[in-house]
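Okay, so here's the structure we're looking at.
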There are 2 protein chains.
Amino acid sequence: MRILVVEDEHRIAQAVKEGLEQESYAVDVAYDGEDGYNSATADEYDLILLDVMLPSMDGYTVCQKLRADGIHTPILMLTAKDQSRDVVKGLDTGADDYLAKPFPFEVLLARVRALLRRPHETAREVLQAADLTLDPSAKSVERGGKSIALSSKEYALLEYLLRNQNKVLSKNNIMTHVWDFDADILPNTVEVFIAYLRAKVDKPFKGPGLIQTVRGFGYKIGS
Amino acid sequence: MRILVVEDEHRIAQAVKEGLEQESYAVDVAYDGEDGYNSATADEYDLILLDVMLPSMDGYTVCQKLRADGIHTPILMLTAKDQSRDVVKGLDTGADDYLAKPFPFEVLLARVRALLRRPHETAREVLQAADLTLDPSAKSVERGGKSIALSSKEYALLEYLLRNQNKVLSKNNIMTHVWDFDADILPNTVEVFIAYLRAKVDKPFKGPGLIQTVRGFGYKIGS
DNA sequence: TAAAATATTTAAGCGAACTTTAAGCTAGGG
DNA sequence: CCCTAGCTTAAAGTTCGCTTAAATATTTTA
């Protein structure tokens, strides 16, 4: 198994490299974002450890660009602080997991094993309903060939609806899945975001909208 | 899969419980360490979510005692902050993974799945009587291929009848099961809703209706 | 770093859909 | 043929979801 470590602090990079090599992984190191991106595109890795704070190109950008290139190698992001916002941002850009520094090496190993154990998709996944498509790796949405710009919450909501096509999702269900589990919002917030989504996804197009209200139960996308 | 959540903040415990239940895990909650320990030893769980900060016995101690008892159920520890020391301590006492609060619900789900090593899938259940079908996840009802639109009470009533096929359900029984426990309604309300249902589910179709009155006792669906 | 632009969340009002009640009517069983 | 359980109808009451707008956060730009 071949692992790429993108980390600018040499001391850490070295320690991680040695530790992983002791577990008989093959490890390459890149010391800045640009370099990391190039290595990741040039070679085929089974896993990428990606620091967020990097010279020349930050981790989020590297991740985003790799996913946009159709590279689906599992990415484990290393964040300096464990701030929920950073985590969300990391996962939004396509990372598979994250780990807050500093971490015990055993934890890193556990995460690495978990990600490598996981069978990962090679095919590009695209969610679709009628003529609406959503590409999770590119975070892009199109309808009838026209690209649609969504905010991150709007996007998250649409993705959740699409991943549960034909299922009716209650506002509560949506609240716990699309917002942080302890987010303190009202059901009305969901209604408002549904309205925003409809304005962008349904209104500008002919025919009955794709996003359906199921009164008393919630919302549904699909037939 | 049965999961035990040990967490003293009720709001969080509730949110986690509901979220996991929506993924069709069976979830029990304990609100302090002592309680959590007792539940964990009394029942067989497939996974334990264990908060560190707990009244009466902290998470480390619970974990340690469980391991000492020879209970090897995977434990996912929830720490308030991502302090390396806490994490090490947690893993030292026998936890399998940890997660720093607050976290997006999807991250919790990912960890839970990883620990249970279970690909996520939900089998679709469909209730049926003659040519009438009801799909709980889509909240949809069809008869003879034709879709039928029901209000939420109508739907709840039909679902209850279908889940108790061939059983006669008294108006009182229906009142307590379909309406809120403390709802203050008259038996006549049930009659009215039975009529609404019949108008949508039976009248437009040939033959004797599926919803039968059992005079003096109640209603029944099925043969 | 302040200002401006965006994004998110809350709040209130309205109209439509749904629920419940009440009263008179129908019909089954003795 | 009477009595009562069940049915029907329509009006009153309630809830739900949509909209709009204003209040907060957050991110970007200058």
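Chain naming here is simple, since letters A, B, ... match the order of the sequence lines and numbering starts at 1 in each. Values below: all heavy atoms of this structure, side chains included; hydrogens, waters and symmetry mates excluded.
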**Pairs involving residues 184-194 of chain A, ordered by first then second residue, that meet side-chain hydrogen bond (donor to acceptor under 3.5 Å, both in side chains) (sequence neighbours left out)** = K171(A)-E191(A), N188(A)-E191(A)

**Crowding at CE, M57(A) (>12 non-hydrogen neighbours, <6.0 Å)** = yes

**Prompt:** Quick one: is dT6(C) close enough that its OP1 or OP2 comes under 4.0 Å of any side-chain N or O from S151(A)?
**Reply:** no

**Message:** Taking side-chain hydrogen bond (donor to acceptor under 3.5 Å, both in side chains) as the definition, give me every residue that meets it alongside S170(B), ordered by chain and number, with sequence neighbours left out.
**Reply:** none

**Message:** If I take atom NZ in residue K153(B) and atom P in nucleotide dC16(D), what distance separates them, rounded to the nearest angstrom?
**Reply:** 9 Å

**Item:** Any T189(B) side-chain N or O less than 4.0 Å from OP1/OP2 of dT21(C)
**Value:** yes

**Message:** In whole Å, I'd like the distance from the CG atom of L169(B) to the P atom of dG6(D).
**Reply:** 14 Å

**Asked** Are any of W179(B)'s side-chain N or O atoms less than 4.0 Å away from OP1 or OP2 of dT20(C)?
**Response** yes

**Request:** Check every atom of dG17(D), dT10(C), dA23(C) against the side chain of I185(A) and return the nucleotide holding the closest atom.
**Result:** dT10(C)

**Nearest-Å distance for atom pair CG/P, residues N188(B) and dC25(C)** = 16 Å

**Message:** Should the side chain of D184(B) and the base of dT21(C) be counted as holding a donor-acceptor pair, with the cut-off at 3.5 Å?
**Reply:** no

**Asked** Can you list the residues that meet the side-chain hydrogen bond (donor to acceptor under 3.5 Å, both in side chains) rule with D8(A), with sequence neighbours excluded?
**Response** none

**Asked** Is S152(A) near enough to dT8(C) that one of its side-chain N or O atoms lies under 4.0 angstrom from OP1 or OP2?
**Response** yes

**Prompt:** Roughly how many Å is it from CG in D180(B) to P in dT14(D), rounded to a whole number?
**Reply:** 16 Å

**Message:** Among residues at least two apart in sequence or on other chains, which ones pass side-chain hydrogen bond (donor to acceptor under 3.5 Å, both in side chains) with K17(A)?
**Reply:** E21(A)

What pairs of nitrogen or oxygen atoms, one from the protein and one from nucleotides 26-30 of chain C, lie under 3.5 Å apart?
none

**Message:** Could you check whether Y155(A) and E159(A), counting side-chain N and O atoms only, form a donor-acceptor pair closer than 3.5 Å?
**Reply:** yes

**Message:** Suppose we screen for side chain to side chain contact (heavy atoms under 4.5 Å, CB included). Which residues come up paired with E9(A), at least two apart in sequence or across chains?
**Reply:** E7(A), I12(A), K101(A)

**Interatomic distance, K203(B) NZ vs dT9(D) P [rounded to whole Å]** = 7 Å

**Message:** As a test of reading the structure: which of dG6(D), dT9(C), dC18(D) is closest to the side chain of K171(B), going by heavy atoms?
**Reply:** dG6(D)

**Item:** Residues which pass ring-ring contact (aromatic ring centres under 6.0 Å, His included) with Y31(B), listed by chain and number, not counting sequence neighbours
**Value:** H10(B)

**Asked** Which whole-number value in Å describes the distance from L157(A) CG to dT9(C) C1'?
**Response** 14 Å

**Prompt:** Under the ring-ring contact (aromatic ring centres under 6.0 Å, His included) test, which residues partner F205(B), sequence neighbours left out?
**Reply:** none

**Request:** Can you label the angle between the Y160(B) ring and the H177(B) ring as parallel, tilted or perpendicular, going by 30° and 60°?
**Result:** parallel

**Request:** Give the angle between the helix axes at the two ends of the helix from dT1(C)-dA30(D) to dG30(C)-dC1(D), taking five base pairs at each end and rounding to 10°.
**Result:** 30°

**Request:** Go through dG6(D), dA23(C), dT10(C) for me and flag the one nearest to the Y219(B) side chain.
**Result:** dG6(D)

**Request:** Take atom CG of D202(A) and atom P of dC18(D), then tell me their distance rounded to the nearest Å.
**Result:** 12 Å

**Asked** Where the side chain of L186(A) is concerned, which of dG17(D), dT20(C), dA11(C) is the nearest nucleotide?
**Response** dA11(C)

**Prompt:** What is the distance from CZ of F217(A) to P of dG17(D), rounded to the nearest Å?
**Reply:** 10 Å

**Message:** Using a 4.0 Å cut-off on heavy atoms, which residues in residues 190-200 of chain A reach DNA chain C? List them by number, or say none.
**Reply:** V192(A), F193(A), Y196(A)

**Asked** Y196(A) versus L157(A): any side-chain heavy-atom pair under 4.5 Å?
**Response** no

**Distance test, side-chain N/O of Y155(B) to OP1/OP2 of dT19(C), below 4.0 Å** = no

**Message:** Test of understanding: with side-chain hydrogen bond (donor to acceptor under 3.5 Å, both in side chains), list the residues that count as partners of D97(A), not counting sequence neighbours.
**Reply:** R111(A), R111(B)

**Request:** Only counting residues at least two apart or in another chain, list the ones meeting salt bridge (charged side-chain N to carboxylate O under 4.0 Å, His left out) with R2(B).
**Result:** D28(B)

